[in-house]
Amino acid sequence: MSNKSQEEHEVYDAIVVGAGFAGLCMLHRLKTVGLSVKSFEVGTGVGGTWYWNRYPGARCDVESWEYSYGFSEELEQEWNWSERYAAQPEILSYLEHVAERFDLYDCIDFNTRVKSATFDESETKWVIQTDQSEKRFTSKYCIMATGCLSSANIPKIEGFSDYQGESFHTGNWPKEKIDFSKKKVGIIGTGSSSIQATPIVASQAEQLFVFQRTPNWSVPARNAPMPASELDKIKASYQSLRREQRKLPLAAQRPPNRASALEVNAEQRKEAYENYWEIGGLSFLGAFKDIATNPEANETAKKFLTRKIEETVLDKDLVKKLIPDHYLGCKRPCSDTGYYATFNRKNVTLVDSRDEPIVRLSKDGIVSAKKEYRLDSIIFATGFDAMTGSLDKIDIRGRNNLTLTKKWEAGPKTYLGLGTAGFPNFFVIAGPGSPSVLANMVVGIEQHVDWIGDCIQYLEDNDKKQIDPDPSAESEWVEHVNEVASRTLYTGCNNWYLGANIPGKPRVFMPYIGGFPKYVRKCEQVVEDGYVGFNIS
Ligand code: N01
């Protein structure tokens with residue numbers, strides 16, 4: 001229970017910002033050890049990413065059972081996943097069930113945006129203010145569970161306010177059902193969100209125009225209903241499955257092939273690619289060990305996927321437009337259900353910005369360099385200000401009143417993605433410098449929640465007032481994150497890992513790409529060595 005010292009001031013041990021996968025897990029952990037906790041959430045319900053991304057076709061691209069919490073055996077046994085890859089409504093129900101089952105609703109203030117979080121050095125406390133009142137909330141610990149892909153990017157296109165039709169962003173989709181039947185619809189973007197939404201919108205709309213600036217690589221998801229026998233098998237071996245999962249570089253998907261794409265002959269290579277193609281989804285990246293690092297190996301994967309596009313899309317001119325020229329994996333690859341075949345429909349038109357870039361919006365639609373597309377609806381599938389966008393929206397101030405935005409103006413600086421020097425008792429779940437956004441997010445979140453929970457327990461048990469990273473350990477980690485990324489092919493295109501999708505954002509590789517097991521080992525080692533790299537007082 002909080003201590004209400006006066007009406008405008010509530011005191012907690014910890015404040016958690018956000019009530020998605022990360023926030024709920026953190027709340028549960030902190031409540032379990034008896035701390036008083038408060039959470040703030042902008043949405044009117046729990047779910048985070050799965051609350052906001054209600055666009056048609058939204059589903060996870062990590063298998064349902066893998067994309068679920070492992071902290072409660074009872075939860076594992078009572079929840080039944082209905083499909084190989086759960087759709088958004090099912091994941092949202094799961095998170096609502098978690099919040100209900102573990103009694104988390106009471107400590108969450110919904111419809112509440114945190115405006116500021118200021119570290120009060122004299123009291124060693126964080127002072128949080130929201131958009132709901134002048135009330136101040138203070139806590140010893142402040143934990144940001146604000147998500148990596150939560151700050152929707154609406155590009156600044158000329159004439160934006162002139163457009164009078166309806167418009168939506170995939171990452172901020174309304175709760176009510178949107179009916180696209182008898183409508184002319186334009187979708188801008190061809191990343192994961194668009195690749196999932198396009199086939200469904202195409203099946204509803206009178207006409208769909210897909211505005212593509214850069215084509216992306218996609219592999220069929222091969223989603224299917226989850227057979228009861230399969231679910232029973234998973235339930236019987238959750239613990240060992242999760243142990244195995246944590247040994248994989250992405251903490252999910254099928255184990256990667258240890259062979260090089262260049263060591264095998266053409267027939268063996270084709271067979272391996274066909275196998276991974278049949279498995280479906282992002283496992284394809286593991287077809288050979290060097291797809292992410294060796295340009296020649298990557299070319300073999302690109303060639304295979306190119307042939308698959310050629311086999312699916314009937315119009316040969318269109319095929320050329322749909323084939324990306326960046327390395328597979330450089331932009332996060334997609335997992336689809338019928339994306340390429342959608343372009344065989346008569347009511348679907350690809351508008352390739354290499355031929356006709358978007359120039360502006362008009363009252364009636366989108367104007368390209370060649371013509372005006374009159375539209376009833378525009379869907380912005382234009383992505384997110386990734387990893388730092390949600391934090392930037394909050395005025396976060398550490399020691400000496402330094403703002404996080406100022407500290408990170410040349411790119412985010414963290415130690416292990418968990419904290420940042422000069423911001424004591426401030427933790428970020430799945431922050432820049434950590435691997436989960438490139439791996440299985442839920443497993444990454446649980447690992448962070450455990451680490452932060454243990455750290456807080458350690459500080460409380462040892463009567464410590466504060467912890468924050470040592471600037472030199474932080475610099476070394478940032479350097480390491482960039483050095484590891486530079487050994488891959490992932491720095492050679494404009495992707496959101498580099499912030500390159502947001503004009504003016506510093507081009508710095510943000511996630512840690514050294515693999516989940518290596519990262520976990522490093523986090524464990526830091527603790528074993530007495531929180532080496534952190535200053536504790
Ligand atoms: O966003 P994106 P997303 N004019 O940034 C285009 C996760 N996710 O929401 O590439 C014209 O990938 C932009 O073009 P370009 C997943 O990690 C997971 O689709 O910059 N076009 C691009 O095509 C994913 O990677 C799931 O040239 C403009 C698109 O918009 C991440 O979220 C599902 C433009 C944005 O693609 C983000 O995916 C969905 C402009 N001004 C998302 N600005 C699953 O689990 C941007 N674009 C399955």
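All figures in this text were calculated on a predicted structure; none of them were measured in a lab. Just follow the structure's listing: the first ligand is 1, and inside any ligand the first atom is 1. Quick note: numbers below take in every heavy atom, side chains included, and nothing from hydrogens, waters or symmetry partners.
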Indicate yes or no: does an N/O atom of Q196 lie under 3.5 Å from an N/O atom of ligand 1? no

Students often mix this up, so state it plainly: with edges at 30° and 60°, are the rings of F21 and Y67 parallel, tilted or perpendicular? perpendicular

Run the ring-centre check on F288 versus Y273 and record whether the distance is less than 6.0 Å. yes

Do the ring planes of Y519 and Y512 sit parallel (below 30°), tilted (30 to 60°) or perpendicular (above 60°)? tilted

Within-shell test, C60 vs ligand 1, heavy atom, strictly < 4.0 Å: yes

Salt bridge flag under 4.0 Å for residues K320 and D315: no

Go through the side-chain N and O atoms of S68 and R242 and say whether any donor and acceptor fall under 3.5 Å apart. yes

Taking the six-membered ring for Trp, are Y55 and W173 parallel (under 30°), tilted (30 to 60°) or perpendicular (over 60°)? perpendicular

Return the minimal non-hydrogen interatomic distance between A252 and L248, and the atom names on each side. O-CD1, 3.7 Å

Structural part of A381 in contact with ligand 1, heavy atom criterion under 4.0 angstrom: backbone

Mode of F211 contact toward ligand 1 - side chain, backbone, both, neither (heavy atoms, under 4.0 Å): neither

Please write down residue, atom name and distance for the protein heavy atom closest to atom 41 (N) of ligand 1. P155 CB, 3.2 Å

Protein heavy atom at shortest distance from atom 11 (C) of ligand 1: I188 CG2, 3.6 Å

For L149, counting its heavy atoms only, list the atoms of ligand 1 lying under 4.0 Å from any of them. 7 (C), 17 (O), 31 (C), 32 (O)

For ligand 1, which atoms have a heavy atom of R59 less than 4.0 angstrom away? 44 (C), 45 (O), 48 (C)

Distance-only donor-acceptor check, side chains S82 and E90, under 3.5 Å: yes

Nearest non-hydrogen protein atom, atom 36 (O) of ligand 1: G191 CA, 3.6 Å

Under 3.5 Å between any N/O of D61 and any N/O of ligand 1: does that happen in this structure? yes

Please write down residue, atom name and distance for the protein heavy atom closest to atom 25 (O) of ligand 1. W496 NE1, 2.9 Å

Under 6.0 Å between the ring centres of F160 and F380? yes

Is there a polar contact, in the sense of an N or O pair closer than 3.5 Å, between S194 and ligand 1? no

Passes ring pair (Phe, Tyr, Trp, His ring centres under 6.0 Å), F384 versus W496? Steps please. CA-CA 8 Å; F384 302 91; W496 58 254; 8.7 Å; no

List ligand 1 atoms under 4.0 Å from G189, heavy atoms only on the residue side. 6 (C), 23 (O), 29 (C), 30 (O)

Could you tell me whether F284 and W217 have their ring centroids closer than 6.0 angstrom? no

Only one of E63, E278, E244 clears salt bridge (charged side-chain N to carboxylate O under 4.0 Å, His left out) with R254; which? E63

Considering non-hydrogen atoms only, spot the tightest contact between L104 and V98 and give its length. CD1-O, 4.2 Å

Among protein heavy atoms, which sits nearest to atom 9 (O) of ligand 1, and what does the distance come to when rounded to 0.1 Å? S193 OG, 2.6 Å

Classify the contact between S192 and ligand 1 as side chain, backbone, both or neither, using a heavy-atom distance cut-off of under 4.0 Å. both

Name the closest protein heavy atom to atom 22 (C) of ligand 1, giving the residue it belongs to and the distance to 0.1 Å. T190 N, 3.9 Å

Does the residue Y55 have a heavy-atom contact with ligand 1, meaning some pair of atoms that are separated by less than 4.0 Å? yes

Assert yes or no for the condition that the ring centre distance of F110 to F40 is strictly below 6.0 Å. no

the protein heavy atom lying closest to atom 10 (O) of ligand 1 turns out to be K331 NZ, 2.6 Å

Logged contact type for T382 with ligand 1, heavy-atom cut-off 4.0 Å, is both

Can you label the angle between the W477 ring and the H480 ring as parallel, tilted or perpendicular, going by 30° and 60°? tilted

From N153, T49, V62, T214 - option closest to atom 27 (O) of ligand 1 by heavy atom: T214

W50, any N or O under 3.5 Å of ligand 1 N or O: no

Say whether N494 and ligand 1 are in contact under the criterion: heavy-atom distance to a ligand atom below 4.0 Å. no

State whether the shortest distance between N or O atoms of R332 and N or O atoms of ligand 1 falls below 3.5 angstrom. yes

Which is closest to atom 13 (C) of ligand 1 in terms of heavy atoms, R213, H169, M441, K156? R213

Which residue owns the protein heavy atom closest to atom 1 (O) of ligand 1, what's the atom, and how far is it? G383 CA, 3.1 Å

